[in-house]
Amino acid sequence: MLLTKTLAEIIERAARKAQKKGDLPKFPLPEVVVSRPRQADKGDLSSALALQIVRPVNNALKEQGKERLSPIQIAEIIKRRIADNPYIGRLEVAPPGFMNIWLSPEWVAEQAGAIVEQGPAYFKENIGQGKKVQVEFVSANPTGPLHFGGARNAAIGDTLARLLENSGYEVQREYYVNDRGAQVDTFAETLWRRYQQLHGVEVDIPEKGYPGAYMIDYARAIQAEHGDSLLDLPREEAIPRFRELGLKLVLDELDRDLAMMQVHFDNWFSEQSLYEDGTFERVSAILREQGDLYVKDGAVWFAASKYLPKDDRDEVFIRANGEPGYYASDIAYHYNKFVVRGFDWVIDVWAVDHQNQARRMPAMMKALGLDPDRLTIVLYDLVTLKRGGKEVKISKRSGDIITMREVLEEVGSDAARYFLLSHSNEARIDFDIDLAVAQSSENPVYYIQYAHARVSSILRKAAAEGLDAADADLHLLTHPTEQALIQKMLQLPEVVVEAVDRLAPHHLPHFALDLAKTFTQFYGACRVISTDPADADLTRARLKLVEATKTTLAYILHLMGMTAPEVM
RNA sequence: GCCCUGGUAGUUCAGUGGAUAGAACGCUUCCCUGCGGAGGAAGAGGUCAGAGGUUCAAAUCCUCUCCAGGGUACCA
């Protein structure tokens, strides 16, 4: 459940009742917001509703010739109309007009049991109502291994997918494979020449080809499988053959590398297929019939300006050389996503250097007769790699790159995902390998996982001693650190809803650290397994609390795509 | 030029209209004869880049300026 929403509804009902009973004048209430104050002495939750409505209240009172009310008086009036409920333990009106709420400690304590009983379901809100959503991410050009920049895309995209599938959406993860066009041809050409070189043929790789050493590895892999049987192919056969062989090698490698960071795609979508199954023709016909296409300078243009404010420019649809431009592929691709496959919502995760392209997408949606709001482009800023405070270039002049695989092998998937996720999408990231790899208290990743391992250890010990939490009297959980721990867990649904609303996964790692911290404080203050028989009841209650903590920590780690270790 | 995004503690970063701006790391002091010390408690540390404005209330919204990065292709 969303506690803030539940309490907002209670307050809203009280305000309405006050209006109905004539305590307050009638006017449309604003949305009631309940938030969490920073200071403990302001309560667990708080609403500023009285402050928000002073003006309409007093305007109405003035019209009626009555005396004006202060925000504090308004808050008191609302307070008196609050219905009985299990959540609120105490509600105080505080200057200048806040309503501060302390949760009922009994209700809070009971939630430890509810969390254990319901498991992760306790934290889930059905926002999606079964809507079909596609998250398309990574989608790096299939011309070599993923460089480290792609890891951020993978972390964001996959975590968004996890957030959505745990919020009532039906989610598909898709990788868009740009397997046609000049760059793939150049890639095939380079691979062919490298293959020839391996067999002693004196050829150079293309000037604008792919000089990286990994291309030689691909060529070797082809040599290993096909020997010299491809040497005699004429160019017009060699290029498509090497394109096909090379793509397979690259995609296999991408799949393996992404699996290293717990990322698995449901679908790898071929750009080329859009031109083979008639989608491109269909889309061209639609746009032509609508009069959205025109010829200029030998190229066919899409009149994006027809659908967007006049400061936007048109896009090349088919280039003068007869090749479709990338925008043409994008239109066909999104036609396929929405019209053919019927996704209710599509999220594309792009690096910020595609910002201009992102701005043009609404025109495309409108031209296809689709609601632009059904497509969301999540832009994220780039990653710079550092080692000991000094920048390391992700791609080098030689064509060699710092691959995602190398970094993952060094720092591990959990630390990489945690760090990449902990920054807001719009913020640039300085990824310091040395910091991420440090397995010390300065690395929050291990602090969080350590909390989970410690929780697991306590439960193992309890089990070994024949203790369990059955029939625990949870009302014994009154210690401030016990209450604080449960209250922290109660915030998780709000964190997830916020992350989904704003497509901002960076709230998760911050919450996880908070939760681990709160647990460790409880652990430091309260002994769970007591040797004193007189404490048997308290031990049972605390074991329940520890079980709830394990559920919560494991779930948040799962949402981030991180492991929840039983031992470390 | 125009457009987009950042600028918050020594450092790395949270905080998209609420009260005394938070966390981690680092620093200072204290606590280890107990379930895992990869700890716990207390503290120092801020011109929220700057200047105006809107509001009962601004790090948050608006305008301008400064700094950093990105975009502005018949590349993707």
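Chain A is the first sequence line, chain B the second, and so forth, proteins listed ahead of strands; every chain is numbered from 1.
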* Calculate the interatomic distance between A/Phe269 atom CZ and B/A76 atom C1'; express it in whole Å. => 17 Å
* Asked: Checking all strands, does A/Tyr523 fall into the base, sugar-phosphate, or nothing category for heavy-atom contacts under 4.0 angstrom?
  -> base
* Could you state the atom-to-atom distance from CG of A/Asn443 to P of B/C13 in whole Å? => 14 Å
* Given the P atoms of B/A68 and B/C62, what is the spacing between them in whole Å? -> 23 Å
* Touch check for A/Gln183, heavy atoms < 4.0 angstrom, all strands: base, sugar-phosphate only, or nothing? -> sugar-phosphate
* Asked: Cation-pi between A/Arg152 and A/Tyr380: NZ/CZ under 6.0 Å from ring centre and within 45° of the ring axis?
  -> no
* Which part of the nucleic acid does A/Val33 contact within heavy-atom distance under 4.0 Å: base, sugar-phosphate only, or nothing? -> nothing
* Gap in Å between the two P atoms, one belonging to B/G18 and one to B/U12, rounded -> 27 Å
* With rounding to whole Å, what would you report as the distance between B/A58 and B/A41 at their P atoms? -> 33 Å
* To do: Any chance you could measure A/His334, atom NE2, to A/Ser329, atom OG, to the nearest 0.5 Å?
  => 11.5 Å
Would you mind writing out the side-chain donor-acceptor pairs for residues 68-76 of chain A within the sub-3.5 Å range, not counting sequence neighbours?
{"residue": "A/Ser70", "atom": "OG", "partner": "A/Ile72", "partner atom": "N", "Å": "3.4"}
{"residue": "A/Ser70", "atom": "OG", "partner": "A/Gln73", "partner atom": "N", "Å": "3.1"}
{"residue": "A/Ser70", "atom": "OG", "partner": "A/Gln73", "partner atom": "OE1", "Å": "3.3"}
{"residue": "A/Gln73", "atom": "OE1", "partner": "A/Ser70", "partner atom": "N", "Å": "2.7"}

* Asked: Is A/Gln52 touching bases, backbone alone, or none of the nucleic acid, heavy atoms closer than 4.0 Å?
  -> base
* To do: Remember a base hit wins even if backbone is also touched, and classify A/His506 as base, sugar-phosphate or nothing at under 4.0 Å, heavy atoms.
  => sugar-phosphate
* Structure fact -> In B/S/- notation (B base, S sugar-phosphate only, - none; protein heavy atoms under 4.0 Å), nucleotides 1-11 of chain B written 5' to 3' is --SBS------
* Asked: Using the P atom in both, what is the distance from B/U72 to B/G10, to the nearest Å?
  -> 37 Å
* If the C1' atom of B/G17 is compared with that of B/A24, how far apart are they to the nearest Å? -> 27 Å
* Distance, C1' atom - from B/G7 to B/U60, rounded to whole angstrom -> 14 Å
* Rounding to a whole Å, what distance do you find between A/Ile448:CD1 and B/G39:C1'? -> 16 Å
* To do: May I ask you to decide if A/Ile347's main-chain N or O and A/Thr376's side chain share a donor-acceptor pair within less than 3.5 Å?
  => no
* Asked: With sequence neighbours excluded, what pairs up with A/Gln39 under the side chain to side chain contact (heavy atoms under 4.5 Å, CB included) test?
  -> A/Asp41, A/Lys42
* Write out all pairs satisfying salt bridge (Lys or Arg N to Asp or Glu O under 4.0 Å) with one or both partners inside residues 445-465 of chain A, taking only residues at least two apart or from two chains. => A/Arg460-A/Glu566, A/Lys461-A/Glu465
* Asked: Are A/Tyr450 and A/Phe519 close enough that their ring centers fall under 6.0 Å?
  -> no
* Scan A/Ala453 against the nucleic acid and name what it touches under 4.0 Å (heavy atoms): base, sugar-phosphate only, or nothing. => base
* **Among B/U12, B/G71, B/A19, the one nearest A/Asp353 by side-chain distance** => B/G71
* Canonical and wobble pairing (Watson-Crick, G-U, under 3.5 Å) of RNA chain B, dot-bracket with | -> ((((((((.[[[[.)..(...]]]].(((((.......))))).....[[[[[..)....]]]]])))))))....
* Asked: Between atom OH in A/Tyr446 and atom C1' in B/A24, what is the gap in whole Å?
  -> 16 Å
* To do: Strictly below 4.0 Å, heavy-atom distances to any atom of RNA chain B: list the hits from residues 495-504 of chain A, or just say none.
  => A/Glu498, A/Arg502
* Asked: What does A/Ser424 touch in the nucleic acid at a heavy-atom separation under 4.0 angstrom: a base, only the sugar-phosphate, or nothing?
  -> sugar-phosphate
Acceptor/donor pairs from residues 492-510 of chain A side chains to any protein atom, 3.5 angstrom cut, sequence neighbours excluded:
{"residue": "A/Glu494", "atom": "OE1", "partner": "A/Arg36", "partner atom": "NE", "Å": "2.8"}
{"residue": "A/Glu494", "atom": "OE1", "partner": "A/Arg36", "partner atom": "NH2", "Å": "3.4"}
{"residue": "A/Glu494", "atom": "OE2", "partner": "A/Arg36", "partner atom": "NH2", "Å": "2.7"}
{"residue": "A/Glu498", "atom": "OE2", "partner": "A/Arg502", "partner atom": "NH1", "Å": "2.6"}
{"residue": "A/His507", "atom": "ND1", "partner": "A/Ala504", "partner atom": "O", "Å": "3.2"}
{"residue": "A/His510", "atom": "ND1", "partner": "A/His506", "partner atom": "O", "Å": "2.9"}

* Asked: For atom P, what is the distance between B/G39 and B/G26, given to the nearest Å?
  -> 9 Å
* With distance as the sole criterion, do the side chain of A/Tyr326 and the base of B/A76 form a donor-acceptor contact below 3.5 Å? -> yes
* Rounded to the nearest Å, what distance is computed from the CD1 atom of residue A/Ile429 to the P atom of nucleotide B/C13? -> 8 Å
* Asked: Just checking A/Thr520: base, sugar-phosphate only, or nothing, at a heavy-atom cut-off of under 4.0 Å?
  -> sugar-phosphate
* Keeping to residues at least two apart or across chains, list the salt bridge (Lys or Arg N to Asp or Glu O under 4.0 Å) pairs with something in residues 410-422 of chain A. => A/Asp158-A/Arg417, A/Arg387-A/Glu410
* Asked: When all nucleic acid strands are considered with a 4.0 Å heavy-atom cut-off, which category describes A/Lys42: base, sugar-phosphate, or nothing?
  -> base
* Before accepting this row, confirm whether a basic side-chain N of the pair A/Lys337/A/Asp348 lies closer than 4.0 Å to the acidic partner's carboxylate O. => yes
* At under 4.0 Å between heavy atoms, what does A/Asp430 touch on the DNA or RNA strands: base, sugar-phosphate, or nothing? -> sugar-phosphate
* Asked: Atom CD1 of A/Ile377 to atom P of B/G71: distance rounded to whole Å?
  -> 17 Å
* **Qualifying residues under side chain to side chain contact (heavy atoms under 4.5 Å, CB included), relative to A/Ala15, sequence neighbours excluded** => A/Leu29, A/Leu49, A/Ile78
* Asked: Within the structure shown, what part of the strands sits under 4.0 Å from A/Glu465 by heavy-atom distance: base, sugar-phosphate, or nothing?
  -> nothing
Using residues 483-490 of chain A as the side-chain source, report each donor-acceptor pair under 3.5 Å to any protein atom, sequence neighbours left out, with the distance given to one decimal.
{"residue": "A/Gln483", "atom": "NE2", "partner": "A/Pro105", "partner atom": "O", "Å": "3.1"}
{"residue": "A/Gln483", "atom": "NE2", "partner": "A/Leu477", "partner atom": "O", "Å": "2.9"}
{"residue": "A/Gln487", "atom": "NE2", "partner": "A/Asp44", "partner atom": "OD1", "Å": "3.4"}
{"residue": "A/Gln487", "atom": "NE2", "partner": "A/Asp44", "partner atom": "OD2", "Å": "3.1"}
{"residue": "A/Lys488", "atom": "NZ", "partner": "A/Asp514", "partner atom": "OD2", "Å": "3.0"}

* Who passes side chain to side chain contact (heavy atoms under 4.5 Å, CB included) against A/Asn178, sequence neighbours left out? -> A/Asn141, A/Pro142, A/Tyr176, A/Gln183, A/Glu271
* Asked: For A/His510 and B/A14, what is the distance between atoms NE2 and P respectively, to the nearest whole Å?
  -> 6 Å
* Out of B/G36, B/C75, B/C13, which has the shortest distance to the side chain of A/His423? -> B/C13
* To do: Rounded to whole angstrom, note down the C1' distance from B/C13 over to B/G52.
  => 29 Å
* Kindly write out the residues that satisfy side chain to side chain contact (heavy atoms under 4.5 Å, CB included) with A/Pro480, not counting sequence neighbours, or none if the list is empty. => none
* Would you indicate whether A/Glu276, at its atom CD, is surrounded by more than 12 heavy atoms from other residues, nucleotides or ligands within a distance under 6.0 Å? => yes
* Check the geometry between A/Tyr447 and B/A38 and answer yes if their rings are stacked (centres below 5.5 Å, planes below 30°), otherwise no. => no
* Scan A/Val528 against the nucleic acid and name what it touches under 4.0 Å (heavy atoms): base, sugar-phosphate only, or nothing. => base
* Asked: Which part of the nucleic acid, if any, lies within reach of A/Asp41 when heavy atoms closer than 4.0 Å are counted: base, sugar-phosphate only, or nothing?
  -> base
* To do: With the side chain of A/Arg527 defined as its heavy atoms from C-beta on, choose the nearest nucleotide among B/G34, B/C74, B/A76.
  => B/G34
